[in-house]
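Chain identifiers are assigned alphabetically (A, B, ...) following the order of the sequence lines, protein sequences preceding nucleic acid strands; residue numbering begins at 1 within each chain.
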There are 2 protein chains.
Amino acid sequence: MARVTIYSIARELGVSASTVSRAFSRPDLVRSDVRERIMAEADRLGYAPNRAARGLATGRTGLIGLLVPDITNPFFPPLVRAVEQAAGARDVGVLLVDAEANGRAEPRLVRQLAAQVDGLVVASPRASSAALKDVVGGLPAVVVNRTIQGLPGVVCDNTGALRAAADHLREHGHTKLALLRGPADSWAAGRRAQAVRRWADEHEVELVELGPFEAQFEDGRAAARVLVDSGATGILAFDDLMACGVLSGLAELGVHAPVDVSVVGCDDVLLARTMTPALTTVTAPIDELGRRAVELLEQVVAGEAVRSARVEGVLTVRGTTGPAPRRRRG
Amino acid sequence: MARVTIYSIARELGVSASTVSRAFSRPDLVRSDVRERIMAEADRLGYAPNRAARGLATGRTGLIGLLVPDITNPFFPPLVRAVEQAAGARDVGVLLVDAEANGRAEPRLVRQLAAQVDGLVVASPRASSAALKDVVGGLPAVVVNRTIQGLPGVVCDNTGALRAAADHLREHGHTKLALLRGPADSWAAGRRAQAVRRWADEHEVELVELGPFEAQFEDGRAAARVLVDSGATGILAFDDLMACGVLSGLAELGVHAPVDVSVVGCDDVLLARTMTPALTTVTAPIDELGRRAVELLEQVVAGEAVRSARVEGVLTVRGTTGPAPRRRRG
DNA sequence: CTGAAAGCGCTTACAG
DNA sequence: CTGAAAGCGCTTACAG
C-alpha cells in the first residue's frame with residue numbers, strides 16, 4: 001500500500017495539505033471540526049508525520065543528545081531515566097551516548113551528537129572546559145554536575161550534607177577521619193573534597209586524604225590497606241561505589257563497619273541500599289537533576305535566558321556508621 | 001555566517017552539488033582528486049551532511065531504537081553500552097527508551113519509536129507477543145532475551161549453567177533446594193525455572209518453588225522468611241538482584257551465606273561482584289548479546305535473511321556457596 | 001566520472 | 001480559517 005502523507009490524507013478529505021499539516025503542528029489554527037476529521041482519518045490510516053521531512057522544514061530534529069561518562073556507573077541509569085522521561089513528556093527523543101569512562105573521547109562524541117540533535121545534556125563530563133565549549137559551539141547545551149563558565153548547568157550541591165556527615169561521625173566519637181578522593185578530573189570530586197577539608201579545618205579534626213582514585217569498586221578495595229594503616233575510623237568516600245569497595249577491602253582485612261569503622265558514601269545509588277548493612281550516604285535527588293536539566297535545555301533551545309540550577313543532597317544515615325570503637329587498632 | 005551545504009561547497013569548488021553529495025554518500029563514485037578537494041573543503045568548513053535531508057531523501061534515519069524494560073536494573077546498562085558501541089561503529093545513533101518496568105507501556109513506546117528509526121532492538125520485553133508483533137509491524141526488529149515467533153532474536157541460554165549450579169550445590173551436600181522464581185511475565189524467568197525444575201526431576205532432588213517475584217531487591221528480601229521456613233539450604237534465585245535481596249533478608253534473620261545457606265544468582269551484574277562475600281552466579285555474556293543484536297538488526301535492515309542467535313551463560317563460583325550446614329535448622 | 005533535475009514530506013510566509 | 005507555492009538539503013535515476 002502507498003505510504004500515507006499529508007497529501008494522501010488531504011486528497012481523501014478534500015482539504016489542502018497545508019491544513020493537514022497544521023492540524024498536527026499548529027492545531028489551534030484549524031477549525032475544530034476540520035481538525036477532528038483529519039485526526040480521525042490519520043488515526044484510521046496509522047499516520048504519523050515524517051520526522052525527517054518535518055526536521056528538514058523546521059530545522060529541528062526533535063531529539064536531544066545525552067552524553068554520560070559511564071553508563072555502567074550506577075549513578076547514571078536513574079539520571080538517564082529522568083532525562084528520558086522529561087524529554088518524552090515533550091515529545092522529544094533521547095540519543096544516548098556513553099563515553100565509556102574515557103574523558104578524552106568526549107569532545108569527539110559531542111561533535112558527532114551535535115550534528116543530529118537540537119540540544120545536548122552533558123552529564124558529569126571529564127574533558128576540559130575549553131575542549132567541551134569548543135565542540136558544543138553554538139548548540140544549546142546544559143551541563144549536569146559540573147560548572148562550566150558560559151554554559152548553563154544543574155549541579156547537586158552536597159556541601160551541606162557532607163558537613164552533616166562529618167558532624168555525624170564526630171558526634172559518634174570519631175576523632176580521625178579519612179577522605180577517599182575521587183578521580184582527579186572529576187569536578188564533583190573536587191567539590192566534595194573541598195567541603196570535607198573545609199569542615200575539618202573549621203572543627204580542627206584530623207583528616208587523612210587518600211587518592212585520587214577512579215570511581216570504581218576495585219579502587220575502593222585497593223584503598224583498604226592504607227586506610228587501616230592511617231588509623232582513621234571515620235571514612236568519607238567519594239561515592240557509593242568506592243565506599244562499597246573499601247568496605248569489601250576492609251572486610252577482607254577483618255575490619256567491619258559499623259563496629260570497627262564507620263563509612264559514608266555519596267549519591268545513594270541502588271548499591272547503597274542493597275548492601276548489608278545498608279550504606280550511610282548522601283542522597284542525591286537524581287530525578288530532579290535530570291528533570292531540571294531537560295527543563296533548562298528546553299528554555300535554551302527556545303532562545304530564552306536561563307539561570308543555572310542547584311539542587312541539594314541530604315544525609316541518609318543507615319547501617320555503616322556508628323560509635324567509634326573504644327580502642328584504637330594497632 | 002551562512003549555513004554550509006553541499007551547494008555552498010559545490011559553488012566554492014566549481015563542481016556540482018551531486019558530486020559533493022556523492023563524495024559523502026558514495027565516495028567510490030567520485031574521482032579521487034576531486035573527492036579529496038571536497039573533503040578538505042568540507043573539513044575546513046566543519047561541514048556534515050544534514051541528517052534530516054538525507055533521511056528524507058533515502059528513507060533512512062540512521063537511528064535504531066533500543067527499548068529496555070528497566071534501565072535501573074543493573075543488567076541493562078552493560079547491554080545498552082554494547083548496543084551503543086556496535087551501533088556507533090556503524091555510524092548509527094541509538095534512541096533509548098525505558099519502559100520503567102511497565103510491560104503494558106511497551107506497545108505504545110515501540111509505536112512511538114517505530115516512526116523515527118530504521119530498526120528496533122527490544123530487550124527482554126514483557127508485553128505479549130501478539131501486542132509486540134502488532135506494533136512492530138513491518139519494521140526491522142530484533143528481540144533480546146526472549147523468543148517471539150516470527151521475529152529474529154538473540155537469547156542467552158542459561159540452562160547448562162543453571163544445571164551446573166544445581167550440581168555444584170548438590171555436590172556440596174545440599175539436599176533440599178529452593179527456586180526463587182522471577183516475574184510471571186518474564187520469558188527468561190520461565191526458562192530458568194524450567195531448567196532447574198527439569199534438573200531436580202532428573203536428580204530426584206527436592207525442590208521448593210517460591211514466587212513469582214518481581215526482579216527487585218525488596219522482593220528478594222521479602223522471600224527470606226518463607227525460605228527459612230522451607231528448610232531449603234541451596235537457593236537458586238532468578239537473578240542477582242533477587243539473590244542480593246534474599247541474602248539481605250536472610251542476614252536480618254541471622255542466616256548467613258555461605259555457612260548456613262548457599263545462594264546462586266543469575267546474570268553476573270556489577271552488584272554480584274561488589275557484594276561481600278561476592279555472589280556465586282551465572283555469568284551472561286552481556287556484551288556479546290548486545291553486539292549480536294545489532295549485527296542481526298543490521299542484516300534485517302539490509303533485507304537479508306537472518307537466523308536467531310544464542311549465547312550461553314557460564315557458572316561462576318564465588319563466595320556465597322559452600323558445604324551444606326551439618327545440622328538442619330528448626 | 002559528472003551534472004541537471006526531480007523528488008523525498010513536511011512547514012510557513014503570503015494572500016485571500 | 002484555508003490554500004497555493006516555495007523551500008528545507010539531501011539522494012539518485014537518467015543522460016552524457
Whole-Å distance separating the [atom1] atom of [X] from the [atom2] atom of [N]:
X	N	atom1	atom2	value
A/Leu29	D/dT2	CG	P	10 Å
B/Arg31	C/dC1	CZ	P	9 Å
B/Leu13	C/dT2	CG	P	12 Å
B/Arg11	D/dG9	CZ	C1'	13 Å
B/Ile9	D/dG9	CD1	P	12 Å

Query raised in the report: Is A/Glu214 salt-bridged to A/Arg126, cutoff N-O under 4.0 Å?
Result: yes

Report summary line: Base-paired stretches in DNA chain D with three or more consecutive Watson-Crick or G-U pairs, both distances under 3.5 Å, amount to C:1-3 with D:14-16, C:5-12 with D:5-12, C:14-16 with D:1-3

Query raised in the report: Which value, in whole Å, describes the distance between the C1' atoms of nucleotides C/dG16 and C/dT12?
Result: 16 Å

Query - Stepwise side chain to side chain contact (heavy atoms under 4.5 Å, CB included) check, B/Val155 with B/Val144 - result: CA-CA 6 Å; B/Val155 300; B/Val144 173; over 6 Å; no

Query - Side-chain donor-acceptor contact under 3.5 Å, A/Trp187 with A/Ser124 - result: no

Query - Distance-only side-chain donor-acceptor flag, B/Ser21 / B/Ser18, under 3.5 Å - result: no

Requested in this report: Verify the contact: side-chain N or O of A/Thr19 to OP1 or OP2 of D/dG3, cut-off strictly under 4.0 Å; return yes or no.
Outcome: yes

Would you say the side-chain atoms of [X] pair up with the backbone N or O of [Y], donor to acceptor, closer than 3.5 Å?
X	Y	result
B/Thr19	B/Val15	no
A/Glu106	A/Ala127	yes
A/Arg37	A/Leu13	yes
A/Arg35	A/Pro27	yes

Query raised in the report: side chain to side chain donor-acceptor pair (under 3.5 Å): which pairs involve residues 128-137 of chain B, sequence neighbours left out?
Result: B/Ser129-B/Arg146

Report summary line: In B/S/- notation (B base, S sugar-phosphate only, - none; protein heavy atoms under 4.0 Å), nucleotides 10-16 of chain C written 5' to 3' is BBBB---

Query raised in the report: Toward the 5' end of DNA chain C, which comes first, B/Ser16 or A/Leu56, by nearest nucleotide?
Result: B/Ser16

